[in-house]
Chemist: 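Structure incoming, see below.
Predicted model, so just to flag it, every value in this text is computed and none were measured. FYI, the numbering just counts along the sequence from 1.
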Amino acid sequence: KVKCPKCGRTMVYMYNKQTFDRFLGCPGYKTDECKETMPVDKEGAPQIPEEIDETCPECGSGMVIKSGRRGRFIACSAYPSCKVTRELADDGKAELMPELEATCDLCGKKMVVRRGRRGPFLGCTGYPDCKSTRPIVMGPECKAIVGERNPTAAELPKVDVKCEKCGSPMAIRRSRRGPFLGCTTYPKCRGTAQLPEGIELPAPPPPQPLGENCDACGKPLVIRYGRRGPFGACSGYPECKNTKPLPALS
């Protein structure tokens, strides 16, 4: 029997509905009283976090080694109140993620490097109250730099359009194919519509310089974003359409 390290109740086996992986969870998990969980190995034995001689740079709590879907990693022991994590190298030592300094331009709090499905990104320390994020791209000399963010939903113009499916108000949404109108009750209602004529969207921020010149025409290269992520593009576009792939952040 494994006791919950936070509330002392006996932990029980639970299953992830998406991956069907088994893990230990506190009985209070379903009632939101205690969200403590613990991974288990193939035999069902608990994988207790391993304490290391390191403190969290954000809150000062001890750091521990945990196991997740993508293997072992270093995390703050104060999780979920502090969500600082670091990669764990093959030799078992902490592999520092890119060190970047940025301030959230929505709430003014510090932004820290986090890791998602598509790699590292900057997230506001005010999460979940502030969900502002910024991309991280590889700039000159393969150094990680902060990318530009897109306008938030609150910064986009308001539209007086009702959803044809449920009658609820619609709002401007963004996708890889451009802006569109989506029902504000999503995902309950998935109604969409084209953007009305005459709507002026905020101008995108100027592209960041890449620090290199175009091999074709000699003009400076800038960082632009496409369906597959950031890339280097000639500032002389459309006269020069030369592009350059950027190294990916692992």
Chemist: Take Lys188 and Ser168 through the side chain to side chain contact (heavy atoms under 4.5 Å, CB included) test and state the conclusion after the steps.
Modeler: CA-CA 11 Å; Lys188 183 178 180 180; Ser168 300; over 6 Å; no
Chemist: Mind checking whether Lys165 and Cys183 have side chains closer than 4.5 Å, heavy atoms only?
Modeler: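 No - every pair of side-chain heavy atoms lies 4.5 Å or more apart.
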Chemist: Below 4.0 angstrom, N of the basic side chain to O of the carboxylate: do Lys3 and Glu36 qualify?
Modeler: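 Judged by the 4.0 Å cut-off on N to carboxylate O distance, Lys3 and Glu36 do not form a salt bridge.
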Chemist: Can you tell if the side chain of Leu181 reaches within under 4.5 Å of the side chain of Thr192, non-hydrogen atoms only?
Modeler: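 No. Closest side-chain heavy atoms not under 4.5 Å.
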Chemist: Could you give the distance from OG1 (Thr243) to NZ (Lys241), rounded to the nearest 0.5 Å?
Modeler: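 Those atoms lie 11.5 Å apart.
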Chemist: Going from CG on Leu156 to NZ on Lys158, what distance comes out if it is rounded to the nearest 0.5 angstrom?
Modeler: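 NZ of Lys158 is found 8.0 Å from CG of Leu156.
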Chemist: Are the side chain of Ser235 and the backbone of Pro220 linked by a donor-acceptor contact shorter than 3.5 Å?
Modeler: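 The answer is yes, because a donor-acceptor pair under 3.5 Å joins these two groups.
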Chemist: Taking the side chain as C-beta and beyond, is there a heavy-atom pair between Cys163 and Pro169 under 4.5 Å?
Modeler: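 No - every pair of side-chain heavy atoms lies 4.5 Å or more apart.
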Chemist: If you define the side chain from C-beta out and look only at heavy atoms, does anything of Thr10 sit under 4.5 Å from Val2?
Modeler: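 Sidechains of Val2 and Thr10: no contact.
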Chemist: If you round to the nearest 0.5 Å, how far is OG of Ser132 from NZ of Lys109?
Modeler: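 The NZ atom of Lys109 sits 12.0 Å away from the OG atom of Ser132.
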Chemist: If you compare all heavy atoms of Cys166 against all heavy atoms of Thr185, which two are closest, and at what distance to 0.1 Å?
Modeler: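 Smallest heavy-atom distance, with atoms named: SG-OG1, 4.0 Å.
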Chemist: What heavy-atom pair brings Pro196 and Val161 nearest, and what distance separates the two atoms?
Modeler: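 Scanning both residues completely, I find the closest heavy atoms to be CG-CG2, 4.2 Å.
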Chemist: Look at Lys219 together with Glu239 and state whether they make a salt bridge at an N to O cut-off of under 4.0 Å.
Modeler: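 Judged by the 4.0 Å cut-off on N to carboxylate O distance, Lys219 and Glu239 do not form a salt bridge.
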Chemist: Taking the side chain as C-beta and beyond, is there a heavy-atom pair between Val222 and Arg224 under 4.5 Å?
Modeler: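 Yes, close enough: below the 4.5 Å cut-off.
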Chemist: How many angstroms lie between CG in Leu24 and OH in Tyr29, if you round to the nearest 0.5 Å?
Modeler: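 Separation between the atoms: 13.0 Å.
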Chemist: So which heavy atom on Tyr15 is nearest to which on Phe23, and how close?
Modeler: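 Heavy atoms of Tyr15 and Phe23 come nearest at C-CE2, 3.8 Å.
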Chemist: Just by modelled atom types, is the Lys110 backbone N or O under 3.5 Å from a matching donor or acceptor in the Thr125 side chain?
Modeler: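 Pair found, side chain donor or acceptor close to backbone of Lys110.
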Chemist: A side-chain contact here means heavy atoms from C-beta on lying under 4.5 Å apart; do Val64 and Ile52 qualify?
Modeler: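 Heavy-atom side-chain distance check fails, nothing below 4.5 Å.
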Chemist: Grab the two heavy atoms, one from Thr184 and one from Ala171, that are nearest each other, plus how far apart they are.
Modeler: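 For Thr184 versus Ala171, the nearest heavy atoms are CG2-CB, 3.9 Å.
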Chemist: List the atom of Pro157, the atom of Ile172, and the distance in Å for their closest heavy-atom pair.
Modeler: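 Scanning both residues, the minimum pair turns out to be O-CD1, 3.4 Å.
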Chemist: Which heavy atom of Pro27 sits nearest to which heavy atom of Met11, and what is that distance?
Modeler: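 Taking Pro27 first and Met11 second, the nearest heavy atoms are CD-CA, 4.3 Å.
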Chemist: Find the distance between CG (Asp160) and CE (Met170) and round it off to the nearest 0.5 Å.
Modeler: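 Output value for this atom pair is 12.5 Å.
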Chemist: For residues Cys240 and Cys214, determine if any side-chain heavy atom of one lies less than 4.5 Å from a side-chain heavy atom of the other.
Modeler: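 Side chain of Cys240 against side chain of Cys214, heavy atoms only: contact under 4.5 Å found.
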Chemist: Any side-chain heavy atom of Leu195 sitting closer than 4.5 Å to one from Phe180?
Modeler: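 With C-beta onward as the side chain, the pair stays apart.
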